[in-house]
Participant: 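Below are the structure tokens for one structure; questions will follow.
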Amino acid sequence: MRVLGVETSCDETAVAIVEDGMAILSNVIASQVDIHARYGGIVPEVASRQHMITILPVIEQAMFQFGTSWHDLDAIGVTVGPGLAGSLIVGVNVAKAVALAHNLPLIGINHLEAHIYANWLGDVKPVFPCLCLIVSGGHSDLVLMEGYGKFKKIGRTRDDAAGEAFDKGARILGLGYPGGPAIEAAARHAVPSFSLPRAWLKGGDDFSFSGLKTALLHLVRGRGVLDGSWVAEAAASFQQAIVDVLVTKTLEAAQRLGVRQILLAGGVAANKALGDAFASCSMLPVLIPPPGLCTDNAAMVAACGYYRFQSGQVDGYGADVVPSLSLG
Amino acid sequence: METGRLGAFQIEVASIKTAHLQLISHSPEQTQRLGTSLGKLAQADDVFLLCGELGSGKTCLTQGIAWGLNVKEYAFSPSFVLVREYYGRLPLYHVDLYRLDHIEEIANLGLDEYLYGDGVCVVEWAEKGLPLLPQDNLLIKLSYLSQTERSLTLETNGTRYSQLLRSLKPEMKTWNSP
């Protein structure tokens, strides 16, 4: 079964075709990151206009890449939320029009659920029950997955999401946007020697990164003039604090819940320090989506669409955007 | 200037006037408690403008406002998406201008539907867009004093907010109850 996935929830216009929820036949992403970099993040109006310009060429390219015709497709999956309303609307309306024109079933997809299904596109397939850590610019959620489509949210961020903490930290250190890769690059050869706070929020599985950000700000203020090696050390210390909290709290929850695997998902899952820390601390297998599939893409949407379709969850052509959609 | 000191571990009233109230908070919980009182008193179309640097307690205060509006979750930072919506007794529109450095970018956001809508609008980093924001508002200036202390100054602009501040005063005694 071949599913066409469409993703426009934020700043990537993406379309992909995936077979049986695991084999990528084509995967096209038009990133707006350069356009948004000067704003230090996504600007909704700009994002929405860019999606309108790029969505049709991106669909054509995805079809061309695989050399397929519409008759070879079985369904269309499209992200309906969470995300920016103006961006989601572009993808959902185009997907509806295409589905109607070619008489294909339409499946509305939860973007957070799709991030998890990126793990089905790797070589090692997930097993249930597993604990998913979704870490991105807008979310830091711990979700227990007991089967296809069976999610239970265990923890969430109370203030800044992990990706957002990276963005703010990078801004404080003058390292640019997107903050995650900028901090990771600056930290690569540095020792995390500064003492920065970790919010453990004992007795629960929620996260908090706001206090860490404030501590970094005052560390920078106290320093005055910043030089490269000091910034590198601060970036390494900041990254280490985020990694420590994510790894420790995830492993604690995984042990308590008795899961068989840990799945990472979302843009921050691409952070190498995070992956390395999980690999060295976890007794359980830790799965990370293949390179390029942690950040927003449509292959994960198509994969998720396959499993939704298999369980009979098809939406009518009246599907609408749900900007504040959550998972579990 | 009327000054009252309520002890180091309680919210402290540094100064109080008709259109002005200055408080010292000693913990995130105290900042949230002030927010909860504001949320309870809030009406549709209210605009709360929050000004203050990173880590001064803006999101923390907004969490309290959300709880006061019977929102059953933590309002978390909208910096990444610029606006988050919550639904309690009234809709809460949580706007964050942190990433926007040019007034034209803010003008392009289409904030009017939130600012003049059917809910309560809380704007973080309001200092970046003051000329574009409603002139009638409750302006809350937050600043970092020490690791555990934040100063919060409430200024009212317009009769609705003077009335709000008057109703807030009887609420103040609930902040320090255990």
Side-chain angles (χ1 to χ4, degrees), chain A residues 9-11 36 38-49 82-87 136-141 153 156-169 171-172 177-179 197 199 201 206-218 220-221 267 323-324 326, chain B residues 27-28 31-32 52-64 66-67 71-87 91-102 104-111 113-114 124-125 128 142-150:
Chain A
S9 68
C10 200
D11 62 341
H36 294 287
R38 70 186 185 94
Y39 299 106
I42 293 120
V43 179
E45 271 301 303
V46 177
S48 179
R49 281 198 293 270
L84 307 169
S87 291
S136 67
H139 291 85
S140 292
D141 289 342
K153 196 190 282 181
R156 65 196 64 70
T157 185
R158 290 191 181 172
D159 38 56
D160 296 353
E164 181 179 347
F166 273 111
D167 281 340
K168 287 181 174 169
R171 212 170 150 121
I172 291 168
Y177 172 87
L201 306 181
D206 282 355
F207 300 106
S208 164
F209 297 107
S210 181
L212 171 64
K213 161 199 76 189
T214 308
L216 180 71
L217 178 73
H218 290 279
V220 166
R221 292 256 166 96
S324 58
S326 70
Chain B
S27 68
T31 302
Q32 285 162 345
E53 61 180 347
L54 276 178
S56 56
K58 299 180 295 299
T59 299
C60 186
L61 182 70
T62 310
Q63 288 173 345
W67 293 335
V71 171
K72 302 287 177 207
E73 57 190 308
Y74 277 89
F76 63 114
S77 172
S79 300
F80 185 76
V81 292
L82 303 175
V83 182
R84 285 192 203 275
E85 299 178 15
Y86 297 92
Y87 295 89
L92 169 66
Y93 304 117
H94 186 190
V95 180
D96 190 338
L97 306 179
Y98 169 66
R99 295 193 287 101
L100 306 180
D101 292 326
H102 303 285
E104 308 82 64
E105 295 163 10
I106 298 168
N108 284 336
L109 277 181
L111 286 180
E113 60 177 303
Y114 299 113
E124 295 197 28
W125 292 93
K128 295 190 174 212
L142 301 97
S143 58
Y144 178 100
L145 298 177
S146 74
Q147 212 172 344
T148 55
E149 289 175 310
R150 303 289 186 273

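Chain identifiers are assigned alphabetically (A, B, ...) following the order of the sequence lines, protein sequences preceding nucleic acid strands; residue numbering begins at 1 within each chain.
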Participant: A:Lys213, A:Glu164, A:Lys168, A:Arg158: which one forms the most heavy-atom pairs within less than 4.5 Å of chain B?
Facilitator: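 The residue among A:Lys213, A:Glu164, A:Lys168, A:Arg158 with the greatest pair count is A:Arg158.
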Participant: Please report the C-alpha distance between B:Arg99 and A:Tyr177 in whole Å, then the side-chain angles of each, then the deciding distance to 0.1 Å, and finally whether the side chain to side chain contact (heavy atoms under 4.5 Å, CB included) criterion is met.
Facilitator: CA-CA 11 Å; B:Arg99 295 193 287 101; A:Tyr177 172 87; 5.8 Å; no
Participant: What residues form a side-chain contact (heavy atoms from CB on, under 4.5 Å) with B:Gln147, not counting sequence neighbours?
Facilitator: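 Result, side-chain contact (heavy atoms from CB on, under 4.5 Å) vs B:Gln147: B:Tyr144.
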Participant: Can you list everything that forms a side chain to side chain donor-acceptor pair (under 3.5 Å) with B:Glu124? Sequence neighbours excluded, please.
Facilitator: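 B:Glu124 satisfies side chain to side chain donor-acceptor pair (under 3.5 Å) with B:Thr59, B:His94 once adjacent residues are dropped.
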Participant: Please classify the contact between A:Ser210 and chain B as side chain, backbone, both or neither, with a heavy-atom cut-off of under 4.5 Å.
Facilitator: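 Looking at A:Ser210, nothing touches chain B.
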Participant: Which residue out of B:Gly55, B:Pro78, B:Ala75, B:Ser77 racks up the most heavy-atom pairs below 4.5 Å with chain A?
Facilitator: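 Ranked by contacts with chain A, first place is B:Ser77.
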Participant: Taking B:Leu54 as the fixed residue, which of A:Leu216, A:Ile172, A:Thr214 is the one that meets the side-chain contact (heavy atoms from CB on, under 4.5 Å) rule?
Facilitator: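 The option that passes is A:Ile172.
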Participant: Among A:Ala215, A:Gly211, A:Gly138, which has the most heavy-atom pairs under 4.5 Å with chain B?
Facilitator: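 The option with the most such pairs is A:Gly138.
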Participant: Which is it for A:Arg156 and B:Phe76 under the side chain to side chain contact (heavy atoms under 4.5 Å, CB included) test, yes or no, and what are the steps along the way?
Facilitator: CA-CA 10 Å; A:Arg156 65 196 64 70; B:Phe76 63 114; over 6 Å; no
Participant: Could you state the interatomic distance from OG (A:Ser324) to OH (B:Tyr87), rounded to the nearest 0.5 Å?
Facilitator: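 So the gap between those two atoms works out to 6.5 Å.
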Participant: Please state whether the side chain, the backbone, both or neither of B:Glu73 comes within less than 4.5 Å of a heavy atom of chain A.
Facilitator: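 When you check distances to chain A, no heavy atom of B:Glu73 falls under 4.5 Å.
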